[in-house]
Every structure is written in C-alpha cells, then in structure tokens.
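Along the sequence shown, the residues carry numbers beginning at 1.
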Amino acid sequence: MAQRGFVRKRGRTWTAYWHVERAGGPRQSSKGGFLTRGEAQAHLTETLAAIHAGLFTEANRITLGEYLLERWLPSRKPALRPSTYDSYLTNIRLHIVPALGHIRLQQLTVDHLDRFYASQLSDGSRRGARAGLSPKTVRHLHTILHRALRDAVRKNLVVRNVADAADPPKLRRPSEGIRTWTASQLREFLDATSDHPLGVVFLIAATTGMRRGEVLGLRWTDVDLDAARIAVRQTVLAVRYQVIVGSPKTARGNRSIAIDQITVEALRRLRSAHEVDALDALVFGRPDGRPHHPDYVSQTFERTVARLGLPRIRLHDLRHTHATLGLAAGIPTKVMSDRLGHATTAFTQDVYMHAIPPLEADAAERIAAMIFATEAGDKAVTPAPTLRADE
C-alpha cells in the first residue's frame with residue numbers, strides 16, 4: 001500500500017485525502033470537517049502511518065473489536081500500568097468482543113451498550129449459565145468502552161461517544177462492604193505475628209495504611225529511621241501471576257509517610273538481623289533479593305487470620321482498618337488522605353464516611369456548648385474527649 005496524501009481547504013474546513021492501493025488499482029479516500037490545517041494534517045499523518053504498518057481500516061468499515069484490539073489498546077499500552085493494560089485486554093477479549101465486537105464502530109448505538117450491560121449483569125459470568133457479573137465489573141467494562149470511544153471521537157472515527165448516554169449499573173457506596181478490625185483485634189493479630197517471617201510486612205500495612213504492593217516494593221533507601229519516615233516510590237504488582245515492579249497507583253501515591261516508634265524499632269531489628277549493605281535492597285525481599293509474590297503474602301495473611309480465629313478480613317482491609325481507626329480517633333481527613341495516597345480528600349470522605357458520623361455528632365455538642373455557654377454562666381467549653389481507637 002502506497003503512502004500518498006494531501007490536505008486541502010474546502011469552504012471553511014479542511015479535508016485530508018490519501019490513496020490506498022487495492023486489487024483494482026489505487027483508490028482515494030478522504031476525511032473532512034477539520035477546523036484547521038494542522039488537525040487535517042495530523043489525521044493524515046496518523047492514517048498514513050497505519051497504512052504503512054498494515055493496520056489501516058476504513059473508518060466506515062472497522063468493527064468495534066478491530067478498533068479496540070488492533071488500534072486503541074496498542075496505542076494506549078505505553079501510557080498504562082502493566083496491570084491496567086492486562087485488565088483492559090482481558091475484559092475486552094472475554095466480555096466486550098464476544099458480545100459487541102462484530103458491530104461496526106460507526107454503527108454502535110446507545111441501545112447496544114444498554115443491552116450489553118443488562119446481559120452481563122444477568123449472565124455474563126463463566127461460572128454458570130445464570131451467573132452474572134457484579135455491578136462493579138460491568139461498570140469497569142463501561143469505563144473501558146467510554147475511554148476507547150472518547151479517543152475514537154478525538155480521532156474523528158465516530159461523530160459522538162455513545163457511551164455518554166448509556167446507563168451502566170450504579171455502584172454501591174464505596175464504604176459498603178468494607179470489613180475492618182477494632183484496635184484490640186488488630187493488636188491481638190500483631191502480637192501473634194510479631195515473630196512471623198512476614199510480621200513486619202503486616203505491621204507496616206497496619207500502621208501506615210500502605211497498599212500491599214507499596215509495602216513489598218519498599219527499599220532501604222526509602223526508609224529514614226532517624227526521621228521516622230518512609231517514602232513510597234515503587235510498588236510490586238502481579239500481572240498474569242508474573243511479579244513486576246512498577247510505579248505507585250496514582251500521582252499522589254508518591255508520598256512520604258510518618259511512622260511510629262514501634263514500627264521504627266521493628267525495622268531497626270529487621271535491618272540488623274538481615275545485615276543489609278545495599279541501600280537499594282528490598283526491605284522485604286526474598287533471600288535471593290527478589291520481591292515476594294503479592295498473592296503469596298495475601299494468602300499467608302488469610303491463613304494466619306483463620307488460624308488465630310479472628311474475624312475474616314483481607315490483607316487490603318488492614319489499610320481500611322488504619323483509615324477507620326485514624327478517623328475515629330479524630331485525625332483530620334486531609335491528613336489521612338495524604339497518608340493513604342488518595343487522589344482527593346473527597347474520595348477519602350466517601351469511602352470512610354462510616355467512621356465520620358460519631359465525630360460529627362461530637363462536634364454538634366461542642367458547638368452547642370459554645371453557643372449556650374453565656375446562659376450557663378460563661379463556663380469554659382469542655383475539651384474534646386479522647387476517643388479510644390476501638391470505640
């Protein structure tokens with residue numbers, strides 16, 4: 001296929017033209033409606049590159065499946081975390097393509113998407129004929145489609161993003177279904193695992209709220225024991241059961257976290273016992289220096305919880321426990337949000353709203369005490385009570 005093309009102004013807009021060699025001879029195609037010469041030239045350059053790579057398909061003939069797997073996902077791969085790319089690829093192949101992949105991109109409608117979401121909720125799972133996907137999973141499928149179609153609009157492959165008008169299932173509040181321990185239950189677990197090979201892993205997850213991969217990716221160069229701070233700079237991920245080292249989940253995931261003296265001393269003992277020389281060595285590496293597999297750490301945690309007879313929670317729920325205990329103790333939401341590396345404080349409030357009502361009720365009493373202090377003889381306002389973390 002030859003790479004020939006040009007742009008030309010037609011009326012008030014610009015049009016890109018190119019030729020594609022076909023069996024019956026070269027055929028001219030075009031795409032118009034560009035507001036500037038630069039937009040038309042950019043579209044032409046991208047089209048000629050696709051022709052040269054053998055990936056070009058006429059916009060009015062390309063199917064949704066071809067677009068997702070051959071054009072959109074490959075172009076997005078460099079910008080995606082490996083785990084995100086793998087999730088997109090798996091869901092596109094397993095759910096989207098079998099149901100919608102045959103539909104031409106320009107013929108995809110809102111009704112197609114609404115019917116797709118409904119069918120996935122009712123029978124989208126491979127666990128059984130009547131087993132459907134969860135609303136969260138179907139919502140994730142919608143997110144993939146919405147982002148892909150948004151890029152298709154930007155590249156003038158479709159006129160509008162039909163996913164804008166679709167109705168994916170609504171999700172429950174993030175706080176629903178969160179399982180946490182009380183402070184006394186957490187203390188019992190940490191006491192019982194103080195001598196466990198992964199005991200300090202569990203301790204740091206509980207006292208900092210760090211994600212599993214963030215803890216496993218911690219290096220000694222990220223730890224400042226004198227200043228009692230640790231920096232989150234990398235994370236250990238499992239993609240198709242292969243262990244890789246990547247970057248934190250969000251931009252705010254790169255952060256510095258204060259640690260308590262009990263955690264500091266545990267890290268000092270760990271470093272002394274391992275006689276660590278290289279600062280870039282993993283704090284919780286295997287004997288050969290490689291990171292532990294994240295799934296192995298989670299499974300070890302769950303088996304230990306079961307053996308101790310404590311309420312069943314996941315390793316990730318230590319993060320929720322840390323946040324809940326902190327908010328219940330009166331620590332400002334902004335501080336907890338920074339420690340957790342959340343993208344926004346609003347997200348922290350939404351996820352852990354269940355821990356905030358007791359504080360809000362206490363605030364009402366304290367404000368009322370200030371308002372009516374004069375009538376009571378200008379008595380001093382009672383200081384805020386110190387909440388026990390497990391109340």
Side-chain angles (χ1 to χ4, degrees), residues 3 5 7 13-18 20 29-117 120 136-168 239 246-247 249-251 343:
Q3 294 189 62
V7 297
T13 61
W14 289 82
T15 299
Y17 297 88
W18 60 90
V20 179
S29 296
S30 64
K31 174 67 177 177
F34 298 100
L35 298 180
T36 67
R37 181 188 181 92
E39 291 178 352
Q41 185 63 53
H43 180 79
L44 176 62
T45 300
E46 185 173 309
T47 298
L48 293 178
I51 292 173
H52 177 73
L55 301 175
F56 177 74
T57 305
E58 296 279 3
N60 63 344
R61 303 179 70 86
I62 186 172
T63 65
L64 177 62
E66 291 169 341
Y67 169 67
L68 292 175
L69 291 174
E70 299 175 15
R71 298 181 65 166
W72 180 72
L73 197 55
S75 70
R76 295 297 303 153
K77 185 175 182 178
L80 297 174
R81 300 175 83 219
S83 57
T84 302
Y85 172 81
D86 184 65
S87 172
Y88 282 10
L89 179 62
T90 299
N91 280 288
I92 289 171
R93 285 178 171 173
L94 190 61
H95 301 295
I96 297 176
V97 168
L100 301 174
H102 64 285
I103 300 174
R104 290 188 178 180
L105 184 62
Q106 293 187 345
Q107 295 178 347
L108 187 68
T109 66
V110 176
D111 186 59
H112 283 136
L113 297 187
D114 286 342
R115 289 175 179 271
F116 170 65
Y117 300 148
Q120 294 301 302
K136 182 178 180 180
T137 300
V138 176
R139 187 86 188 190
H140 182 54
L141 298 177
H142 168 73
T143 297
I144 296 172
L145 285 165
H146 190 276
R147 291 177 180 175
L149 293 173
R150 178 190 60 194
D151 289 345
V153 171
R154 183 167 54 84
K155 295 183 179 182
N156 295 292
L157 296 176
V158 292
V159 177
R160 71 186 184 107
N161 186 347
V162 295
D164 283 337
D167 293 313
V239 179
S247 57
K249 188 174 182 179
T250 65

Any chance you could measure [X], atom [atom1], to [Y], atom [atom2], to the nearest 0.5 Å?
| X | Y | atom1 | atom2 | value |
| --- | --- | --- | --- | --- |
| Thr90 | Ile96 | OG1 | CD1 | 11.0 Å |
| Asp86 | Leu80 | CG | CG | 11.0 Å |
| Thr109 | Asp114 | OG1 | CG | 8.5 Å |
| Lys136 | Leu141 | NZ | CG | 13.0 Å |
| Phe116 | His142 | CZ | NE2 | 11.5 Å |
| Thr84 | Leu89 | OG1 | CG | 12.5 Å |

Would a 4.5 Å heavy-atom cut-off, applied to side chains only, mark [X] and [Y] as touching?
| X | Y | result |
| --- | --- | --- |
| Arg71 | Leu157 | yes |
| Asp164 | Val110 | no |
| Ser75 | Glu46 | no |
| Tyr117 | Asp167 | no |

- Leu149 and Leu108: side-chain contact (heavy atoms from CB on, under 4.5 Å), yes or no, with the steps? CA-CA 10 Å; Leu149 293 173; Leu108 187 68; 3.9 Å; yes
Minimum heavy-atom distance [X]-[Y], with the two atoms named:
| X | Y | answer |
| --- | --- | --- |
| Tyr85 | Leu73 | CE1-CG, 3.5 Å |
| His102 | Thr63 | O-CG2, 3.7 Å |
| Ala166 | Pro168 | O-CD, 3.3 Å |
| Arg160 | Val153 | C-CG2, 3.5 Å |
| Leu68 | Leu145 | CD1-CD2, 4.4 Å |
| His146 | Asn161 | O-ND2, 3.2 Å |

- Short side-chain to backbone donor-acceptor contact, Glu66 and Ile62, under 3.5 Å: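 Such a contact is absent between Glu66 side chain and Ile62 backbone.
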- Under 3.5 Å, is there a donor-acceptor pair between the side chain of Ser87 and the main chain of Ser83?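 It does not hold such a pair.
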- Query: Can you check side-chain hydrogen bond (donor to acceptor under 3.5 Å, both in side chains) on Arg147 and Tyr88, steps first, answer last?
  - Reply: CA-CA 11 Å; Arg147 291 177 180 175; Tyr88 282 10; 2.4 Å; yes
- Show the numbers, then the answer: is there a side-chain hydrogen bond (donor to acceptor under 3.5 Å, both in side chains) between His140 and Thr137? CA-CA 5 Å; His140 182 54; Thr137 300; over 6 Å; no
- Between Arg115 and Asp111, is the closest basic N to carboxylate O distance under 4.0 Å?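 Answer for the salt bridge query: yes.
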- Query: Going through the distances and angles, do Ile144 and Asn91 end up as a side-chain contact (heavy atoms from CB on, under 4.5 Å)?
  - Reply: CA-CA 9 Å; Ile144 296 172; Asn91 280 288; 3.9 Å; yes
- Candidate pair Trp14 and Leu44, rule side-chain contact (heavy atoms from CB on, under 4.5 Å), full reasoning: CA-CA 11 Å; Trp14 289 82; Leu44 176 62; over 6 Å; no
- For side-chain contact (heavy atoms from CB on, under 4.5 Å), just list the numbers for Arg81 and Val239, CA-CA rounded to whole Å, side-chain angles, deciding distance to a tenth of an Å, and then say yes or no. CA-CA 10 Å; Arg81 300 175 83 219; Val239 179; over 6 Å; no
